[in-house]
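Below is one structure; the comments refer to it alone.
FYI, side chains are in, hydrogens and waters are out, and symmetry mates aren't considered; it's all heavy atoms of this structure. All figures in this text were calculated on a predicted structure; none of them were measured in a lab. In each ligand, atom 1 is the first atom listed, and ligand 1 is the first ligand listed.
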Amino acid sequence: MVLNSTTLKECLSNASRIKVDESLGPKTTLRVGGHADLFLQPASRDDLIAALRWSRMHGVPVTMLGRGSNLLILDGGIRGLVISLSDRFFSRIEVQDERLTCGAGARLKQLAETSRMAGLSGLEFLEGIPGCVGGALHMNAGAMQQWTFDRVEKITTMDREGDLHVWKGSEVEVHYRSCPLLREHIAIEAVFLGTQSNPSVIRKTMDNYSRRRRLSQPVASSAGCMFKNPDHISAGKLIDELGLKGTRVGEAMISELHGNFIVNLGGAVAADVVSLIKLVQERVMSAHQIELEVEVQVVGE
Ligand code: EPU
């Protein structure tokens, strides 16, 4: 699709950044995938609203990009407009009493650290998740048997017409690794509720989580766990028991440390990763009659 960025630029303030034909692989932790026709970092809510209205008017599809930590972008890239809320405006974290108000672009590591410094516990499990608040809400991200929405008091979303909505966290439907509301709406802000505690106790919990993660998960480029765990079974364990660790397609490899991670050895393309996903799904199906569902969001063409 050849898109004219001039009419979009005219709707936005100068502070918003637009790029044409932007390479997306480097914006993901797996580091594969093609280009976006247009890539926008809006610098305000008004600019985000203007971009959504422009895209509706011109029939341009919109894809939201978080920190790309749970994302597999295909080699043909993403048609239309890709929007990232990584501008400072969307990345603020403010603490008041036991509440942390965060923009969707705020990094989870930063949120966990801010919470620790404020003496608020309950968000330690976010320390090692390389995503942002918007992505974590969208996926109801979890680790150490805790889930993002466990601690959400309130979220603010924007619908595709640019209208804002506020929801109580307890009223939002969430599941293991999904939040149906955020398939349509865009998360703008969330209020997390912490519990008063001692920063040094919180530090110990975070260090413990971080040590467990270092021992069981690879540090190489990956999108985290590739598959959802089927009921009561670890997908990584299933893959491990089938002897698939170390299996390679091109430069993509099933991690030798954790069976549910596909790592990029350096020069992988999305097609390598897709072939490995299919290979794993076929082997698990034929050995156990279990259909492994991909957890990572696959986007693009
Ligand atoms: N195991 C193996 N071999 C492997 C991997 C795991 O035997 O190759 C065994 C482990 O020894 C353990 C069990 O399987 O006994 C479970 O493993 P682990 O604790 O690593 O948990 P997981 O179920 O594989 C889940 C989440 C992770 C999260 C960890 C820690 C999913 C799909 N994965 O992994 O989340 O970090 O628990 O809480 O729910 C992610 O979603 O991207 C992710 C990394």
Side-chain angles (χ1 to χ4, degrees), residues 27-33 65-73 107-109 111-112 121-151 174-179 182 204-248 252-264 268 273-274 276-277 279-281 283-285 287-288 290-299:
K27 300 188 195 303
T28 71
T29 53
L30 188 55
R31 305 188 76 76
V32 301
L65 180 75
R67 289 188 67 83
S69 62
N70 199 55
L71 199 61
L72 166 54
I73 296 175
R107 291 171 59 222
L108 298 174
K109 263 184 205 308
L111 171 57
S121 78
L123 298 169
E124 295 90 335
F125 73 101
L126 297 175
E127 61 68 46
I129 304 182
C132 62
V133 166
L137 293 167
H138 187 266
M139 292 301 297
N140 190 19
M144 313 295 158
Q145 277 76 52
Q146 294 163 76
W147 314 96
T148 302
F149 268 89
D150 292 350
R151 288 282 168 178
V174 289
H175 306 281
Y176 165 59
R177 297 295 194 262
S178 92
C179 172
L182 296 176
K204 268 198 191 127
T205 307
M206 284 166 78
D207 287 348
N208 179 29
Y209 289 165
S210 158
R211 189 180 47 79
R212 278 165 62 184
R213 194 184 297 276
R214 270 201 312 275
L215 290 174
S216 64
Q217 299 184 359
V219 289
S221 300
S222 79
C225 282
M226 187 51 79
F227 302 98
K228 289 186 182 174
N229 284 341
D231 277 349
H232 312 300
I233 316 173
S234 157
K237 191 161 191 270
L238 283 178
I239 296 164
D240 187 1
E241 286 170 355
L242 288 171
L244 292 173
K245 280 175 165 177
T247 306
R248 274 177 73 162
M253 184 180 86
I254 298 173
S255 163
E256 283 165 337
L257 193 56
H258 195 298
N260 201 358
F261 282 67
I262 292 181
V263 296
N264 181 351
V273 180
V274 171
L276 258 186
I277 290 172
L279 183 152
V280 168
Q281 285 174 323
R283 291 291 302 276
V284 171
M285 176 53 84
H288 298 289
I290 292 174
E291 201 171 322
L292 277 190
E293 193 186 332
V294 176
E295 177 199 305
V296 163
Q297 309 281 292
V298 182
V299 295

Closest candidate by heavy atom, reference atom 43 (C) of ligand 1, pool Ser234, Gly236, Gly142, Cys225: Cys225
Subset of ligand 1 atoms that lie under 4.0 Å from at least one heavy atom of Asp240: 2 (C), 3 (N), 4 (C), 7 (O), 8 (O)
Distance from atom 18 (P) of ligand 1 to nearest protein heavy atom, with residue and atom: His258 NE2, 4.0 Å
Per-atom contact, atom 26 (C) of ligand 1, protein heavy atoms, under 4.0 angstrom: yes
Close approach of Met226 to ligand 1, heavy atoms, under 4.0 angstrom: no
Least distance between heavy atoms, Ala143 atom then Ile129 atom: CB-CD1, 4.2 Å
Nearest heavy atoms of Ala268 and Ala252, plus distance in Å: CB-N, 3.9 Å
Minimum heavy-atom distance between Phe261 and Gly224, given as atom pair plus value: CE2-CA, 3.5 Å
Verdict with reasoning, Gln281 to Val294, per side chain to side chain contact (heavy atoms under 4.5 Å, CB included): CA-CA 9 Å; Gln281 285 174 323; Val294 176; 3.7 Å; yes
Among Tyr176, Tyr209, Phe125, closest by any non-hydrogen atom to atom 32 (C) of ligand 1: Tyr176
Identity and distance of the protein heavy atom lying nearest atom 9 (C) of ligand 1: Lys237 CD, 3.9 Å
Contact check, side chains of Val133 and Leu108, non-hydrogen atoms, under 4.5 Å: yes
Proximal ligand 1 atoms for Asn260, defined as those under 4.0 Å from one of its heavy atoms: 32 (C)
Minimum side-chain heavy-atom gap Leu71-Leu30 below 4.5 Å: no
Spacing of Arg213 atom CZ and Phe125 atom CZ [to the nearest 0.5 Å]: 10.5 Å
Considering all heavy atoms, the nearest Pro230-Leu292 contact: CG-CD2, 3.7 Å
Within-cut-off N or O pair, Lys245 and ligand 1, under 3.5 Å: yes
Sub-4.0 Å protein heavy atom near atom 12 (C) of ligand 1: no
Contacting atoms of ligand 1, where contact means under 4.0 angstrom from a heavy atom of Gly259: 4 (C), 8 (O)
Numbered atoms of ligand 1 (with element) below 4.0 Å of Gly224, judged on heavy atoms: 42 (O)
Shortest protein heavy-atom distance from atom 23 (O) of ligand 1, along with the residue and atom involved: Asn229 ND2, 2.7 Å
Separation of Leu242 CG from Arg283 CZ (nearest 0.5 Å): 6.0 Å
CG on Asp240 to CG on Asn260, rounded to 0.5 Å: 11.0 Å
Closest candidate by heavy atom, reference atom 36 (O) of ligand 1, pool Arg177, Glu241, Gln217: Gln217
Heavy-atom closest contact (Ser255 atom, Val263 atom, distance): CB-CG1, 4.1 Å
Under 4.0 Å to a heavy atom of Phe227 - the qualifying atoms of ligand 1, by number: 32 (C)
Close-contact set for ligand 1 against Phe261 heavy atoms, below 4.0 Å: 44 (C)
Contact check, Ala235 vs ligand 1, heavy-atom distance below 4.0 Å: no
Distance, nearest 0.5 Å, that separates CD1 of Ile254 from OG1 of Thr247: 4.5 Å
Atoms of ligand 1 close to Ala143 [distance to a heavy atom under 4.0 angstrom, numbered from 1]: 38 (O)
Ile239 contact mode with ligand 1 (heavy-atom cut-off under 4.0 Å): neither
Any Glu124 side-chain heavy atom under 4.5 Å of Glu127 side chain: no
Any non-hydrogen protein atom less than 4.0 Å away from atom 7 (O) of ligand 1: yes
Protein residue, atom and distance nearest to atom 30 (C) of ligand 1, heavy-atom basis: Met144 N, 4.0 Å
